[in-house]
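Below: one structure, written as structure tokens.
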Amino acid sequence: MARILSIDYGKKRTGLAVTDPLQIIAGGLATVSTYKLFEWLDAYFKTEQVEKIVVGEPKQPNGLPSENMGRVTAFVNKFRKTYPDIPVVMVDERFTSVLAHRAMIDGGLRQKARRDKALVDEISATIILQSYLESIRK
């Protein structure tokens with residue numbers, strides 16, 4: 001079975017998470033500079049089999065698209081053209097940064113570590129992916 005890759009796309013950084021090959025659990029993978037994302041994906045897809053990607057859909061608390069939605073849409077369109085055989089699923093990412101910070105606090109990370117935006121992005125991608133996994137199991 002192939003993995004599912006999650007992407008928390010950002011203007012500067014992109015958080016990535018992935019399932020195990022049996023698609024049971026999500027785990028943080030990396031945070032990469034957004035401008036290097038396709039280069040990173042090319043290398044990853046050469047070594048790992050990926051069944052689909054899950055991309056965080058940025059929304060405001062009221063459900064309307066956030067300011068990052070245009071960038072995410074452009075990324076998804078380019079991804080679909082570049083990798084037409086890998087399906088893309090959009091998942092609501094509202095409050096994932098808040099949940100990521102809560103997970104860091106609950107995990108006992110010190111305040112300095114919690115300021116690491118790259119770690120927050122990776123944890124957010126993990127939360128997006130775990131949320132997706134739970135939704136398809138219901």
**Request:** Work out which heavy atom in Leu129 is nearest to a heavy atom in Ser6; give both atom names and the distance.
**Result:** CB-CB, 3.4 Å

**Asked** side-chain hydrogen bond (donor to acceptor under 3.5 Å, both in side chains) with Ser131: which residues, sequence neighbours excluded?
**Response** none

**Fill in**
For Val55 and Ile53, the nearest pair of non-hydrogen atoms, with its separation, is CG2-CD1, 3.6 Å

**Prompt:** Who are the ring-ring contact (aromatic ring centres under 6.0 Å, His included) partners of Tyr83, not counting sequence neighbours?
**Reply:** Phe45, Phe79

**Contact check, side chains of Phe38 and Lys78, non-hydrogen atoms, under 4.5 Å** = yes

**Fill in**
For Tyr132 and Lys52 the tightest heavy-atom approach is OH-NZ, 2.7 Å

**Message:** Are Leu133 and Val89 linked, directly or through intermediate hydrophobic residues, by side-chain heavy-atom contacts shorter than 4.5 Å (ILVMFWY only)?
**Reply:** yes

**Asked** Under a single-linkage definition using a 4.5 Å side-chain heavy-atom cutoff for Ile, Leu, Val, Met, Phe, Trp and Tyr, are Tyr44 and Val54 assigned to the same hydrophobic cluster?
**Response** no

**Request:** Of all the heavy-atom pairs spanning Asn68 and Pro58, show the shortest one and how long it is.
**Result:** C-CG, 3.9 Å

**Request:** Answer whether the closest heavy-atom distance between the side chains of Val76 and Met90 falls below 4.5 Å.
**Result:** yes

**Request:** Could you state whether Ile128 and Ile25 fall into the same hydrophobic cluster, counting links through intermediate Ile, Leu, Val, Met, Phe, Trp or Tyr residues with side-chain heavy atoms under 4.5 angstrom apart?
**Result:** no

**Item:** Hphob cluster co-occupancy, Phe75 + Val91, side-chain heavy atoms under 4.5 angstrom
**Value:** no

**Message:** Hydrophobic clusters here meaning ILVMFWY residues chained together by side-chain heavy-atom distances under 4.5 Å, can you tell me if Ile127 and Leu5 are in one?
**Reply:** no

**Message:** Minimum heavy-atom separation for Ser124 and Asp8, please, with both atom names.
**Reply:** CB-OD2, 3.2 Å

**Message:** Could you work out, with side-chain hydrogen bond (donor to acceptor under 3.5 Å, both in side chains) as the rule, every residue matching Thr14, not counting sequence neighbours?
**Reply:** Thr34

**Prompt:** Donor-acceptor pair, Thr19 side chain versus Ile4 backbone, under 3.5 Å?
**Reply:** yes

**Message:** Any heavy-atom pair between the side chains of Glu51 and Arg3 that's under 4.5 Å?
**Reply:** no

**Request:** Please step through side-chain hydrogen bond (donor to acceptor under 3.5 Å, both in side chains) for the pair Asn77 and Arg80, ending with a clear verdict.
**Result:** CA-CA 5 Å; Asn77 290 338; Arg80 286 181 170 143; 4.7 Å; no

**Prompt:** If only atom types and distance count, is the side chain of Glu122 paired as donor or acceptor with the main-chain N or O of Gly15 below 3.5 Å?
**Reply:** no

